[in-house]
Amino acid sequence: MKFTDGFWQLRPGVTALHAQEAYDIAATDDTPDGPGIVITAPTMVIARRGDVLNRPVLTTTLSSPAEGVIRVRIAHHTGGRWHGGFALPGAERSTASVSVSETGGVVNAGALVARIAPGAPWNLAFEVEGRRVTGSGHKAQGYIRLAEDAQVDPGIVGNARQGGRMPAASAFLHEQLDLGVGEHIYGLGERFGPLVKNGQTVEIWNADGGTSSEQAYKNVPFHLSDRGYGVLVNDPGHVSYEIGSEAVERVQFSVSGEVLEYFVIAGPTPKQVLGRYTALTGRPPVVPAWSYGLWLSTSFTTDYDEQTVNSFIDEMAARELPVSVFHFDCFWMREFNWCDFEWDPRVFPDPEGMLGRLHDKDIRVCVWINPYIAQRSPLFREAADQGFLVRRTDGSVWQWDLWQAGMGLVDFTNPDATAWYQSKLRALIGQGVDCFKTDFGERIPTDVVWADGADPERMHNLYTELYNRAVFEVLTDVRGDGEAVLFARSATAGGQSMPVHWGGDSTSTFASMAETLRGGLSLALSGFAFWSHDIGGFEGTPDAAVFKRWTAFGLLGSHSRFHGSSSYRVPWAFDEEAVDVTRRFTHLKMRLMPYLYQQGLDAAATGVPLMRPMVLEFPDDRAAAYLDRQYMLGSDLLVAPVFSAEGTVDFYLPAGEWTSLLTGETVTGGSWRRETHGFDSLPLYVRPGAALPWGARVDGPGYDYHDGLQLRVFPGGTGAGSVTVTNPDGRSVTYDVDLEEITG
């Protein structure tokens, strides 16, 4: 949100007070983390005694919840009720050292040090490895009041018809952190615009806006800098960012109310930042090997029954196209009844038998759900009578007609409502359902009252965490650790601990394919390890060229799904070459399972995602900063999707000797390349000196990886190395390799 009119003035109706000096710096044990520092910052420089009268102050508290992490809390009035922040499973009692002297205050959190200088001007610095990486300077910390006629853009995203419009606010706090020369900012969730966020205004407000807009399903108030740090704004409500936009030398973030809290997280490498961030907010769990296989869907509004489903699965098998998961989209339930969690008896008269027959074909089953209960559903009155639906301020059940006629919203702040919802899912799992597509969760109203008294503005984004957590807990409880997996659309900070997420509603074009990739790369730099998207696009029907190019891209990711809106996505619906392309890249992914599954285990241990923007893997290569049309799949594979029918693609290879996995050609990197590829190919290069575990099976993802395993060693390495391969059953072996013994 922009409050200023250029460098000198404020916008009409805006009043601003800023921390002008560190007037008093004191050590304290009274912080959320234990030892810390409290700073009293008057909103003018105190020159004489009378200046302390009628003078607001900002109170800034510094502490450390974990090694390499410093918490900053800025408060105008400290006695107000704070709405609270995100769940922080990694926060612990501080082990940081705190010191205060005439030279200022220091909080030393190991890899990160905060220094507050005494007096004026205000100067709070953050240092990594003895180097200042960012800081809060003159007029950076501000308390803003808006008159009723203030001429500011409130930065509200989400059409009012969708609900969840942010309530009008009159008071805000903002912080501005230094943005250095040549510094790049990334993250802030799954955003489909430019990967580098410099120059952008970004609103953290979940909305169902598709992939072709500035709105986002997954808003995460965490940004990562290539200067060696990251920042999490600990506020689940509306956070408004101005990233080198309003003040071009700074990253500004603002929230409504009397308190702003954020964490600075040390690197110095981007991987280390993500490691500390996910240790604080939640690491991804291990996901089952079968989930890495191909997911085939009914699509959304198409006609289907058990015969249709079997015809798809049998034809895929006949064409040697291995399917791991079959997904039933919305119409597995009767129209106007979403959600009643009952199979439409007119179409699926024997759901238990059908699910058993699918399991006999070694197919897992996913079904679509959402957190809404339509008024025609038999469950609506049951939930309303027990107080399980969100209510308006007058006590009536909140309802509307957008999406489902008269639908209500399950109140997951009510433990009884959560248990009730989970009981419906347990019944489906008992029938044979293996996982759930948790759709929606963004259209959350703010003119309501929550059972636990939560702030409606903050619950708008946070709702998705409660919704997905309720579902993930059931799967973990019934299926066990390592077997639970979602296919979720909405998220915020911490959502990475409930995988998998997919990119939402794209269109069936090359442009949408490219924006989908940008969204996935942005989400990866927001701490999400596993990600997918609708191969071929969701809206409309792709032409054969788009489908084939998107298939090659989609099968070179952690999770892969054929899904659309009004048309089937079986490859023979496009042409026979689409079948060949699907076979080639599905088989390739199955061969790569020893590599991919191990990378997934590493992600659960470190927080480093499978799909990696080039800047994450090559932070010292300045050419990597803006690359958003290629990525690393794990540590050793470079993928450059083709975004055209004719097959010409420009991409960048970092320094070293790279080898095409598809052709065996060796290329010297450190420069851009232009190649032209048929539909059965794309630039897929192996990192110099990599030892790639290569599986022996192509018929599915969950086999014994050690049986027939090859270790393919590629040029560019020296000395000895090792490769660890872990089976889905947990059997792990570390193999020693000679990196100079080329087997490629």
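Residue-environment remark: CD (E249) stays at or below the threshold of 12 foreign heavy atoms within 6.0 Å. By the 6.0 Å contact criterion, CG on D401 is enclosed, its count of non-hydrogen atoms from other residues, nucleotides or ligands being greater than 12. Heavy-atom contacts from other residues, nucleotides or ligands closer than 6.0 Å to CZ of R629 number 12 or fewer.
The closest side-chain donor-acceptor pair between S506 and T211, if any, does not fall under 3.5 angstrom. N468 and T438 share a donor-acceptor pair across their side chains, judged by distance under 3.5 Å alone. For the residue pair S256 / H238, no side-chain donor-acceptor distance below 3.5 Å is found, with atom types taken as modelled. Side chains of T507 and E539: a donor-acceptor N/O pair is absent below 3.5 angstrom, by distance only. When only modelled atom types and interatomic distance are considered, Q599 and R612 share a side-chain donor-acceptor pair under 3.5 Å.
Without hydrogens or angle criteria, D208 side chain to F440 main chain gives no donor-acceptor distance under 3.5 Å. Judged by distance alone, the side chain of R364 and the main-chain N or O of S291 form no donor-acceptor pair under 3.5 Å. T586 places no side-chain N or O within donor-acceptor distance of the main-chain N or O of R583, the cut-off being under 3.5 Å.
The pair R569-D534 fails the salt-bridge criterion, with no side-chain N (NZ, NE, NH1 or NH2) lying under 4.0 Å from an Asp/Glu carboxylate O. Between E242 and R250 there is no salt bridge, since no side-chain nitrogen of the basic residue lies less than 4.0 Å from a carboxylate oxygen of the acidic one.
The aromatic ring centroids of F326 and F328 lie less than 6.0 Å from each other. Not less than 6.0 angstrom separates the ring centroid of Y304 from the ring centroid of Y568.
In this structure, K548 forms a cation-pi arrangement with F679, its terminal cationic atom sitting closer than 6.0 Å to the ring centre and no more than 45° off the ring axis. In this structure, R673 forms no cation-pi arrangement with Y652, as its terminal cationic atom is not both closer than 6.0 Å to the ring centre and no more than 45° off the ring axis.
Among the candidates M590, K589, H559, the single residue satisfying the side chain to side chain contact (heavy atoms under 4.5 Å, CB included) test with L596 is K589.
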Going through the distances and angles, do F530 and L610 end up as a side chain to side chain contact (heavy atoms under 4.5 Å, CB included)? CA-CA 6 Å; F530 304 101; L610 266 73; 3.7 Å; yes

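Nearest heavy-atom pair, Y372 versus E442, reported as atom, atom and distance to 0.1 Å: OH-N, 4.3 Å. Smallest separation of non-hydrogen atoms from V196 and H184: CG1-CD2, 4.0 Å. Across all non-hydrogen atoms, the minimal contact from S245 to T201 is OG-OG1, 4.0 Å.
Every residue meeting the side chain to side chain donor-acceptor pair (under 3.5 Å) condition with D235, not counting sequence neighbours, appears here in chain and number order: H83, R458.
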